[in-house]
**Student:** 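There's a structure below that I have some questions on.
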2 protein chains.
Amino acid sequence: MALPQYKIIYENLKNQIIGDIYQEGDLLPSENELSRLHDSTRTTVRQALGDLQKEGYIEKHRGKGSIVTSQKSTLGLLSFRGFSEVVGQTEHIMNTEMLQKPRLQKWPDPFFYSLDPLEQNAGCIFLKRLRKADDDSVMLESTYIPNLRLTRFTSKPLINNSLFRSLHILHQIDVVNLDQEVRAIRCDKEIARKLKLKEGDPILHIYRKYGTNREGFYIYSELHCNTEKYAMGSFFK
Amino acid sequence: MALPQYKIIYENLKNQIIGDIYQEGDLLPSENELSRLHDSTRTTVRQALGDLQKEGYIEKHRGKGSIVTSQKSTLGLLSFRGFSEVVGQTEHIMNTEMLQKPRLQKWPDPFFYSLDPLEQNAGCIFLKRLRKADDDSVMLESTYIPNLRLTRFTSKPLINNSLFRSLHILHQIDVVNLDQEVRAIRCDKEIARKLKLKEGDPILHIYRKYGTNREGFYIYSELHCNTEKYAMGSFFK
DNA sequence: GAGTGGTCTAGACCACCTG
DNA sequence: AGGTGGTCTAGACCACTCG
């Protein structure tokens with residue numbers, strides 16, 4: 001269960017960036033210096049820095065060093081970092097309202113991704129949450145998790161109110177990638193009420209399939225987003 | 001101008017995947033075998049495979065090998081690979097209609113991203129294209145490129161009809177990342193006509209800022225997408 | 001047990017930036 | 001000239017999968 005060195009270095013630096021110990025524009029210690037600090041090699045340090053760069057926390061400049069990048073004013077909710085991660089990266093006050101606590105049920109039929117028989121027979125854990133930014137309702141999120149080797153998951157409250165955090169701590173499951181489909185649709189009466197919009201207003205409709213470090217274990221979400229005030233952002237590298 | 005080894009290996013494998021020499025589900029040669037084939041080391045090969053994995057071409061499985069992943073039925077247009085790359089990865093027939101050939105002009109004011117004085121004073125090269133999938137109009141794209149050290153760019157036709165390809169070949173400029181904002185809006189009469197929709201229909205509205213390998217050189221785009229038939233997809237890793 | 005990818009070491013040379 | 005990140009070598013040990 002020991003974390004690899006490069007992930008420790010990664011977490012260490014990320015927390016210092018999120019915690020404003022390194023601020024926007026600051027230069028991180030050089031790769032050689034970080035190797036010395038963590039009693040490691042440049043290769044290992046570079047693996048950590050590469051992840052930070054990929055996720056938009058730093059920029060690297062040859063001959064200069066690694067620079068901490070600015071926080072984004074848009075909501076980085078199209079990336080696969082969980083909502084809780086985004087909260088620490090934006091200037092907006094974000095919070096979550098649980099509309100349906102995790103409960104065991106059958107998969108909807110039809111479902112928006114095709115399921116293999118193992119997933120299908122296991123049933124799913126369903127939960128529904130409303131995300132708010134500065135007290136505006138911005139996102140309605142329905143999540144479906146296959147009920148595979150997740151003992152007592154529905155009986156406990158979420159840790160830090162974060163699904164990903166709970167899966168990590170209770171079951172050592174980490175999200176490693178995200179496949180998503182995005183559409184613009186008109187919202188129906190039900191969604192309109194929850195997102196404080198008018199029926200027929202345009203919203204983002206997103207289907208997601210999260211990949212995890214557990215072979216064959218995926219998490220599915222359907223999102224409806226109000227983008228009147230806040231755009232959904234994403235960063236690719 | 002020599003490409004690094006890992007990029008050569010990357011391009012080599014990617015072309016074989018796109019060219020169906022390795023097909024969906026196929027196992028790539030192992031890392032050790034690829035090192036021997038390219039007279040290189042595992043580290044270098046892993047750098048190439050890592051990029052392929054990041055972009056969704058392969059999955060790696062410890063103890064098994066690297067497996068070529070399926071083509072996507074949705075349009076991977078929310079990722080930062082150019083449109084031309086997406087064309088090779090989908091089963092749909094894609095093509096592009098040039099609505100406004102590249103021409104030099106002033107920046108729109110206001111512009112959707114803040115420009116620095118260097119960009120502002122240089123003016124911009126503007127072009128406008130309509131993207132089609134299976135003869136359906138799916139995306140209207142307006143692109144703005146700062147006119148910095150791009151001699152004679154507007155006077156030549158695009159190579160392979162691809163902007164990114166032209167920038168690469170004529171100016172050694174490569175896109176390395178993408179920052180984007182996505183919203184759902186109602187389309188106006190003008191856009192509706194071009195995308196064959198009705199005024200007021202919901203569409204995706206996207207602002208993009210592409211980062212390049214040239215320090216401080218960015219490319220900007222504004223997109224309007226019709227998602228009635230085709231969702232816009234993206235893959236993160 | 002043989003082969004795979006994941007992690008790591010201890011170096012090297014290069015292009016680039018800054019003082 | 002000295003420090004930085006980019007690329008690369010030639011190994012090593014590990015956890016995992018498969019026959």
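Labels below follow one simple rule: chain letters A, B, ... track the order of the sequence lines, proteins then strands, and each chain is numbered from 1.
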**Student:** When the distance from OH of B:Y6 to P of D:dC8 is rounded to whole Å, what number comes out?
**Tutor:** 7 Å
**Student:** Expressed in angstrom and rounded to an integer, what is the separation of B:N213 atom CG from D:dG6 atom C1'?
**Tutor:**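 After rounding, the reported distance stands at 13 Å.
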**Student:** With sequence neighbours excluded, tell me which residues meet ring-ring contact (aromatic ring centres under 6.0 Å, His included) with A:H38.
**Tutor:** none
**Student:** Only counting residues at least two apart or in another chain, list the ones meeting side chain to side chain donor-acceptor pair (under 3.5 Å) with B:H61.
**Tutor:**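 Applying side chain to side chain donor-acceptor pair (under 3.5 Å) to B:H61 gives A:E215, B:E59.
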**Student:** To the nearest Å, give me how far apart CG (A:D51) and P (C:dG6) are.
**Tutor:** 13 Å
**Student:** Tell me the interatomic distance from B:L34, atom CG, to D:dC8, atom C1', rounded to whole angstroms.
**Tutor:**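 Between C1' of D:dC8 and CG of B:L34: 16 Å.
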**Student:** Please walk me through it: do B:T143 and B:S221 pass side-chain hydrogen bond (donor to acceptor under 3.5 Å, both in side chains)?
**Tutor:** CA-CA 4 Å; B:T143 306; B:S221 278; 3.2 Å; yes
**Student:** Excluding sequence neighbours, so at least two apart, what forms salt bridge (Lys or Arg N to Asp or Glu O under 4.0 Å) with A:E31?
**Tutor:**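 Per chain and number, A:E31 pairs via salt bridge (Lys or Arg N to Asp or Glu O under 4.0 Å) with A:R42, A:R46, A:K60.
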**Student:** Judged by each residue's nearest nucleotide on DNA chain C, which is more toward the 5′ side, B:L49 or A:Q5?
**Tutor:**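 Nearer the 5' end of the strand: B:L49.
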**Student:** For the side chain of B:R46, counting heavy atoms from C-beta on, which of C:dG5, C:dT4, D:dC8 is nearest?
**Tutor:** C:dG5
**Student:** What is the per-nucleotide protein-contact pattern of nucleotides 11-19 of chain C, from the 5' end, where B denotes a base atom under 4.0 Å from a protein heavy atom, S denotes such proximity for sugar-phosphate atoms only, and - denotes neither?
**Tutor:** -B--BBSS-
**Student:** Given atom CD of A:E59 and atom P of D:dG6, what is their separation to the nearest angstrom?
**Tutor:** 12 Å
**Student:** Suppose the criterion is salt bridge (charged side-chain N to carboxylate O under 4.0 Å, His left out): which pairs have a residue in residues 8-26 of chain A, not counting sequence neighbours?
**Tutor:** A:K14-A:E85
**Student:** Is the phosphate of C:dT9 approached by A:S40 (side-chain N or O, under 4.0 Å from OP1 or OP2)?
**Tutor:**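 The answer is yes; a side-chain N or O of A:S40 sits under 4.0 Å from OP1 or OP2.
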**Student:** Whether B:S30 contacts C:dT4 is assessed here as follows: a side-chain N or O lying under 4.0 Å from the phosphate OP1 or OP2. Is that the case?
**Tutor:**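 Checking C:dT4 against B:S30, a side-chain N or O does come within under 4.0 Å of OP1 or OP2.
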**Student:** Looking at A:S66, I'd like to know whether one of its side-chain N or O atoms comes within less than 4.0 Å of OP1 or OP2 on D:dT4.
**Tutor:**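 No, outside the criterion.
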**Student:** Distance check needed: C:dG3 C1' versus B:K60 NZ, whole Å only.
**Tutor:**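 Interatomic distance, NZ of B:K60 to C1' of C:dG3: 15 Å.
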**Student:** Only one of A:E222, A:E181, A:Q180 forms a side-chain contact (heavy atoms from CB on, under 4.5 Å) with A:R208, so which one is it?
**Tutor:** A:Q180
**Student:** Roughly how many Å is it from CD1 in B:I67 to C1' in C:dT4, rounded to a whole number?
**Tutor:** 11 Å
**Student:** Calculate the interatomic distance between B:L28 atom CG and C:dG5 atom P; express it in whole Å.
**Tutor:** 9 Å
**Student:** Less than 3.5 Å apart, which donor and acceptor atoms pair up between the side chains of residues 117-126 of chain B and the rest of the protein, not counting sequence neighbours?
**Tutor:**
unit_1: B:E119; atom_1: OE1; unit_2: B:D116; atom_2: N; d: 3.1
unit_1: B:E119; atom_1: OE1; unit_2: B:Y220; atom_2: OH; d: 3.4
unit_1: B:E119; atom_1: OE2; unit_2: B:Y220; atom_2: OH; d: 2.8
unit_1: B:N121; atom_1: ND2; unit_2: B:P117; atom_2: O; d: 3.1

**Student:** What's the closest nucleotide to the B:Q47 side chain, out of C:dT9, D:dT7, D:dG6?
**Tutor:** D:dT7
**Student:** Need to verify one output field. Residue with the more 5' nearest nucleotide on DNA chain C, A:D39 or B:N32?
**Tutor:** B:N32
